[in-house]
Asks: 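Dumping the structure here so I can ask a few things about it.
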Amino acid sequence: MNLRHTLRTSLAAGAAVALLVGCGSTAPAGTSAASTGTSGSTTSLVAGTAGITATEALAANEEAHTADDPGAYGDGDTDTGTGTTITLDDAESAVDGDGASVEGDVVTISTAGTYVISGTLTDGQLVVDSTDDGTVELVLDGVDITSTDDSPLLVTEADEAVVVLADGSVNRLADGAASTADDDEEDAANATLFSTADLTIAGTGALEVEGNADGITSKDGLVVLGGEITISAADDGLRGKDYLVVEGGTLTVEAGGDGLKSDNDSDEADGFVAVTGGSVTVEAADDGLAATTDAIVGGGSLSITAGDGSASGTSSATTDDTTSKGIQAGASIVVSGGEVTVDASDDAINSDSVVSVDGGTLVLASGDDAMHADGDLTVAGGSITVTTSYEALEAGTMTISDGILDVTSSDDGINVVNDAGDASLLIEGGSVLVHAGGDGIDVGGDGSITGGDVVVEGPTQPGNGALDLDGALLTEGGTLVAVGTSGMASAPSTESSQAWVSATLTSTVPTGSVITVTDSDGTLVTEYEVGEEISSFVYSGPEIEDGDSYYLLVDGVETATVTAGEGPTGGMGGMGGGPGGGGPGGGGPGGGGPGGGGTPPDGFPDVAS
């Protein structure tokens with residue numbers, strides 16, 4: 001099979017090259033054991049499950065509450081004929097119907113039912129205090145409430161509360177600086193829209209929230225089904241203590257703390273945030289999305305800017321001590337669908353346990369790690385693009401079985417390490433492209449490639465290697481191309497069942513040239529174009545057959561020949577017979593290539609001198 005790799009690095013014509021070819025036994029199976037770590041700001045209640053999907057993660061958590069008739073709320077429909085009408089007006093608010101009362105500029109709803117509300121209070125409050133069984137439905141149809149010293153919309157007690165944004169309506173809630181005076185007290189109403197009960201927001205109208213503390217908070221669960229919601233909050237934007245679920249709507253959140261948050265740390269089935277639909281845009285001074293347990297994306301779009309973005313990087317190479325992460329979770333971060341875009345000053349995605357991606361599209365920019373898992377990182381589908389990072393992917397163990405990955409880092413591209421000493425990397429499918437300034441693939445243990453297409457471009461820094469494993473890298477299938485500097489160049493294990501070739505250049509060469517590997521008949525095996533100066537080249541693919549001869553050409557000029565499976569015994573051999581005699585012209589296997597009087601394949605120039 002002919003395989004063509006056309007990428008953005010280059011080799012110069014006529015460079016002196018030494019080649020090795022290895023083959024051998026079958027690799028051990030990959031593992032996904034979790035490791036222990038300290039990254040992140042959440043408290044993990046339970047370890048995540050490696051490779052978990054969004055559906056599985058949602059099923060493992062508390063089932064989110066469902067409004068009695070969510071279909072009616074989705075289009076902002078309101079049945080005013082059966083509801084109580086409340087008209088807000090400074091010192092003149094009025095109630096038409098049962099279940100609500102007025103005292104000054106405070107309107108109190110005391111029974112379950114539907115309430116259609118309009119009007120303005122310049123310094124007042126709408127309070128729900130109902131001991132009834134059943135839902136209190138608040139239809140906001142042109143509401144503007146400001147409270148200087150408390151939450152303008154406060155649910156102190158209810159079986160369940162639903163806020164419906166009437167179709168075509170624009171609604172506004174704002175509090176004053178004095179409203180934060182008692183926020184340190186237990187169960188204080190510390191949000192502009194605050195509920196002690198399960199809260200649902202639905203409809204197609206608009207809601208603007210301006211908060212001196214949190215924007216919207218439920219001390220139970222918070223579900224967003226619809227609406228055009230804009231939040232500007234001094235602290236957290238949206239917080240559901242037990243859970244926060246976004247199924248629809250358009251949310252724009254600007255937060256001085258976390259953007260989206262769930263922080264129940266007493267029940268392992270709570271404390272999760274899920275985005276399964278809608279469009280969410282977050283600008284947060286702290287974390288964009290913070291979950292005590294799981295952060296789940298199953299659909300919709302989620303765009304996060306955390307801190308000052310990746311340009312203010314917080315890696316060990318910087319002095320900035322901020323820890324603003326894009327998505328932070330104590331147990332699992334799971335992406336099974338939707339679109340996720342993150343620009344974070346710290347990690348773009350960080351889990352104290354596991355990260356799992358099996359669908360969706362992720363575009364990540366990070367001042368530190370783009371994706372970090374203290375335990376396992378599994379990619380089983382989807383598309384991941386890392387535009388900038390210190391380290392692109394970092395975990396205790398890592399498995400890539402499918403998906404498209406294109407990651408860029410100033411240091412390591414893929415880094416697998418843990419304190420338990422069982423770090424491992426398994427690539428069994430997908431397409432993986434790594435652009436690294438440091439090590440391309442760095443594993444504090446063993447690695448195995450059994451399928452997929454892997455291309456490693458890097459490093460550009462001295463003292464790093466395209467492949468840097470404390471243990472063995474076994475090539476068992478798929479394809480591997482690894483290029484970079486030669487100072488720490490290494491190759492797959494000779495125990496690999498799929499053969500490989502490794503070339504070390506004696507000098508770096510400029511961009512624009514092409515490496516070609518052919519078999520003894522001149523048939524193309526692989527062709528590779530790169531865009532940065534390099535001095536090492538590794539290739540493994542199913543076309544390489546043990547015992548066959550292969551030729552390396554640079555810009556059409558043959559530079560070396562080897563026999564697969566018969567690498568030199570004395571180390572890297574230079575062109576014309578370097579140490580070990582295994583290079584072209586040497587006395588070992590492969591001797592007789594250019595520089596030793598041999599003849600190149602038909603159709604290729606004879607460069608022997």
Side-chain angles (χ1 to χ4, degrees), residues 22-35 37 47-53 332-335 351 353-359 369-382 384 391-407 412-434 436 439-456 466-482 490-500 538 540-542:
C23 64
S25 63
T26 303
T31 63
S32 59
S35 69
T49 301
I52 193 171
T53 66
S332 304
I333 296 177
V334 185
V335 180
S351 171
S353 186
V354 306
V355 174
S356 176
V357 178
D358 67 300
D369 299 340
M371 300 184 75
H372 175 98
D374 283 1
D376 180 79
L377 169 60
T378 295
V379 180
I384 301 172
E391 292 187 333
L393 310 180
E394 183 177 58
T397 59
M398 192 179 304
T399 299
I400 301 171
S401 61
D402 202 353
I404 300 172
L405 294 83
D406 184 346
V407 303
D412 297 345
I414 293 176
N415 185 27
V416 187
V417 63
N418 63 44
D419 295 335
D422 60 355
S424 64
L425 170 66
L426 171 63
I427 301 176
E428 52 189 4
S431 173
V432 181
L433 174 59
V434 176
D439 295 329
I441 295 177
D442 185 350
V443 183
D446 295 329
S448 179
I449 299 175
T450 64
D453 298 306
V454 181
V455 177
V456 180
L467 305 173
D468 182 9
L469 286 83
D470 290 352
L473 174 62
L474 298 164
T475 53
E476 310 297 299
T479 63
L480 168 66
V481 172
S490 62
S493 169
T494 55
E495 297 298 311
S496 299
S497 63
Q498 177 173 281
W500 46 265
V538 172
S540 176

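When a residue number appears, it is its place in the shown sequence, counting from 1.
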Asks: Taking side-chain hydrogen bond (donor to acceptor under 3.5 Å, both in side chains) as the test, write out the residues that go with Thr53, two or more places apart.
Replies: Glu56
Asks: Quick check: closest heavy atoms across Gly51 and Ser356, and the distance to 0.1 Å?
Replies: C-OG, 3.3 Å
Asks: Distance alone, cut at 3.5 Å: any donor-acceptor contact between the side chains of Gln498 and Thr475?
Replies: no
Asks: Hey, does Val434 have a side-chain heavy atom less than 4.5 Å from the side chain of Val455?
Replies: no
Asks: Taking all heavy atoms of Ser332 and all of Gly48, pick out the closest pair and write down the distance.
Replies: OG-CA, 3.3 Å
Asks: When you measure from the side chain of Glu391 to the backbone of Ile414, do you find a donor-acceptor pair of N or O atoms at a distance under 3.5 Å?
Replies: no
Asks: Check whether any side-chain heavy atom of Leu474 sits under 4.5 Å from a side-chain heavy atom of Ser497, and report yes or no.
Replies: no
Asks: Less than 4.5 Å apart, any side-chain heavy atom of Ile384 and any of Met371?
Replies: yes
Asks: Sequence neighbours left out, what passes side-chain hydrogen bond (donor to acceptor under 3.5 Å, both in side chains) with Asp442? Give chain and number order.
Replies: none
Asks: Got a second to check how far Ile441's CD1 is from Leu469's CG, nearest 0.5 Å?
Replies: 7.5 Å
Asks: Partners of Ala392 by side-chain contact (heavy atoms from CB on, under 4.5 Å), sequence neighbours excluded?
Replies: Val386, Ser389, Val407, Ser409
Asks: Kindly indicate whether the side chain of Leu480, heavy atoms from C-beta on, has any atom under 4.5 Å from the side chain of Leu467.
Replies: yes
Asks: Does Ser351 reach the main-chain N or O of Ser353 with its side chain, forming a donor-acceptor pair under 3.5 Å?
Replies: yes
Asks: Just to verify, which of Thr378, Asn418, Asp376 counts as forming a side chain to side chain donor-acceptor pair (under 3.5 Å) with Thr397?
Replies: Asp376
Asks: Between Ser540 and Ala499 (side chain of the first, backbone of the second, donor and acceptor by atom type, cut-off under 3.5 Å), is there such a pair?
Replies: yes
Asks: Which residues pass the side-chain hydrogen bond (donor to acceptor under 3.5 Å, both in side chains) test with Asp358, sequence neighbours left out?
Replies: Ser336
Asks: Kindly compute the distance separating CG (Asp446) from CG (Leu426), expressed to the nearest 0.5 Å.
Replies: 11.5 Å
Asks: Looking only at side chains, do Ser431 and Asp453 share a donor and an acceptor under 3.5 Å apart?
Replies: no
Asks: Go through it in stages, so that I can follow the logic: the residues are Asn415 and Asp439, the test is side-chain contact (heavy atoms from CB on, under 4.5 Å), and I'd like the CA-CA distance, side-chain angles, deciding distance and then a yes or no.
Replies: CA-CA 8 Å; Asn415 185 27; Asp439 295 329; over 6 Å; no
Asks: To the nearest 0.5 Å, what is the distance between CG on Asp419 and CG on Asp422?
Replies: 10.0 Å
Asks: Could you measure the distance from the CD atom of Glu495 to the CG atom of Leu473? Nearest 0.5 Å is fine.
Replies: 13.0 Å
Asks: Using the side-chain contact (heavy atoms from CB on, under 4.5 Å) rule, take Ile449 and Trp500 through it: C-alpha gap first, then chi angles, then the decisive distance, then the call.
Replies: CA-CA 12 Å; Ile449 299 175; Trp500 46 265; over 6 Å; no
Asks: Rounded to the nearest 0.5 Å, what separates atom CD1 in Ile427 from atom CD in Glu476?
Replies: 12.5 Å
Asks: Give, for atom CD1 of Ile400 and atom CG of Leu377, the distance between the pair rounded to the nearest 0.5 Å.
Replies: 7.0 Å
